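Before any comments, here is the structure.
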Protein chains: 2
Amino acid sequence: MRGQALKGHLDLLLLAVIADGPKHGYAVIEELRLRSDEAFDLPEGTVYPALHRLEKADYLSSGWSETQGRRRRTYTLTKRGSAALGEQRESWNDFSQAIGQVLKGVPWPSTP
Amino acid sequence: MRGQALKGHLDLLLLAVIADGPKHGYAVIEELRLRSDEAFDLPEGTVYPALHRLEKADYLSSGWSETQGRRRRTYTLTKRGSAALGEQRESWNDFSQAIGQVLKGVPWPSTP
DNA sequence: ATCTACCCATAGTAATACTAGGTGTCAAGT
DNA sequence: ACTTGACACCTAGTATTACTATGGGTAGAT
């Protein structure tokens, strides 16, 4: 899948996987790939800046840890982040339903 | 609904409504509003440039007509446009399903 | 006369996902 | 000893794109 289709929905995905439990960036990428059945394989250059953005917006908080010589920045969902997740989830539902309605009337190309 | 969530999926919507039959820009906006049950109420500044883009990409062709003193530019889906619609529709299905899968595991906030 | 609906257009802005690079650790293979 | 690949982080710059704001014009109703 072309990744750029993510536009506007990346935050929802990131918040969703972190809602499941605190995670560091690399783990977020892996988790997203797993849960989406390989559909989402996001480049680091997409995820890290987005996490910074979400932290700045107070949707996530972070802390450093050192695990066997590797430094990790682990992100946790804040209260605001949890609320945002709920809202974004609803708006995703509305959005996808609306698209579905528009598409409903359109016939698929003839496949005899 | 906040319109900017459209990012990356506007073309699909435009192609879809025009696939139903040739339409001019203003009619596209109306049709989209109707079919989406008011969810999509796109500003003209969004739609017109997008139509130009799609025509440039040879997904649409256009022609002017004059109806009771009003000039209209009517767009018709090209063969390439029809193919693109099919592809974008499939990729929308994959995309929305993938989002659904990611969201599946996440519990909604406690609503007692 | 003015307002609203109809109908088109463009310039500039903001947001954001991505490309392309960079830093460094550790384990396994050669 | 060296290289490769997985792990783990980061940023600068680019491209795309939906939107805001604005402008032009016609027709019909109040």
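So you know, we letter chains A, B, ... as the sequences are listed, proteins then strands, and number each from 1. Values in this document were obtained by computation on a predicted structure and should not be read as measured data.
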Just distance, no hydrogens or angles: give the donor-acceptor pairs under 3.5 Å from side chains in residues 61-73 of chain A, sequence neighbours left out.
{"from": "Ser62(A)", "atom 1": "OG", "to": "Glu55(A)", "atom 2": "OE1", "distance (Å)": "3.3"}
{"from": "Ser62(A)", "atom 1": "OG", "to": "Glu55(A)", "atom 2": "OE2", "distance (Å)": "2.8"}
{"from": "Ser62(A)", "atom 1": "OG", "to": "Arg73(A)", "atom 2": "NH1", "distance (Å)": "3.2"}
{"from": "Arg73(A)", "atom 1": "NH1", "to": "Glu55(A)", "atom 2": "OE1", "distance (Å)": "3.3"}

| note | Of the candidates dC8(C), dC9(D), dA9(C), the side chain of Tyr75(B) sits closest to dA9(C)
| field | Gln68(A) (side chain) and dC26(C) (base): donor-acceptor pair under 3.5 Å | value | no
| Trp92(B) backbone acceptor or donor facing Ser96(B) side chain under 3.5 Å | yes
| task | Report the distance from atom CD of Glu44(B) to atom P of dA18(D), rounded to the nearest whole Å. | result | 16 Å
| note | From the candidates dA17(C), dC7(D), dC19(D), the one with an atom nearest any side-chain atom of Leu10(A) is dA17(C)
| Taking OP1 and OP2 of dT10(C), is either one under 4.0 Å from a side-chain nitrogen or oxygen of His52(B)? | yes
| Note: Asp20(B)-Arg35(B) ion pair, threshold 4.0 Å (strictly below) | yes
| task | Measure from CG on Asp11(B) to P on dA18(D) and round the result to the nearest Å. | result | 6 Å
| So what does Arg72(A) touch, heavy atoms closer than 4.0 Å: a base, only the sugar-phosphate, or nothing? | sugar-phosphate
| note | Rounded to whole Å, CG of Asp41(A) lies from C1' of dA17(C) at a distance of 14 Å
| query | With the threshold set at 4.0 Å, does a side-chain nitrogen-carboxylate oxygen contact exist between Lys79(B) and Asp58(B)? | reply | no
| Under-4.0 Å side-chain N/O to phosphate OP1/OP2 contact, Arg71(B) with dA9(C) | no
| query | What nucleic acid atoms does Gly69(B) come within less than 4.0 Å of, heavy atoms only: base, sugar-phosphate, or nothing? | reply | sugar-phosphate
| message | Expressed as a whole number of angstroms, how long is the span from Glu66(A):CD to dA8(D):P? | response | 12 Å
| Whole-Å gap separating P (dT10(C)) and CD (Glu55(B)) | 11 Å
| remark: Minimal heavy-atom distance between Leu51(B) and Gly25(B), with the atoms involved, is CD1-CA, 3.7 Å
| said: Using whole Å, what does the distance between atom C1' of nucleotide dC6(C) and atom CZ of Arg70(B) come to? | reply: 4 Å
| Closest to the Trp64(B) side chain, choosing from dC8(C), dA17(C), dC19(D) | dC8(C)
| task | For Glu30(A), answer base if it contacts any base atom (sugar-phosphate contacts may also be present), sugar-phosphate if it contacts only those atoms, and nothing otherwise; contact means non-hydrogen atoms under 4.0 Å. | result | sugar-phosphate
| field | Euclidean distance, atom NE2 of residue His24(B) to atom P of dT26(D) [Å, nearest integer] | value | 17 Å
| request: Using atom OH of Tyr26(A) as one end and atom P of dC10(D) as the other, report the distance to the nearest whole Å. | output: 14 Å
| field | Side-chain N or O of Arg53(B) closer than 4.0 Å to phosphate OP1/OP2 of dT16(D) | value | no
| query | Is the shortest side-chain N/O distance from Tyr48(A) to OP1 or OP2 of dC10(D) below 4.0 Å? | reply | no
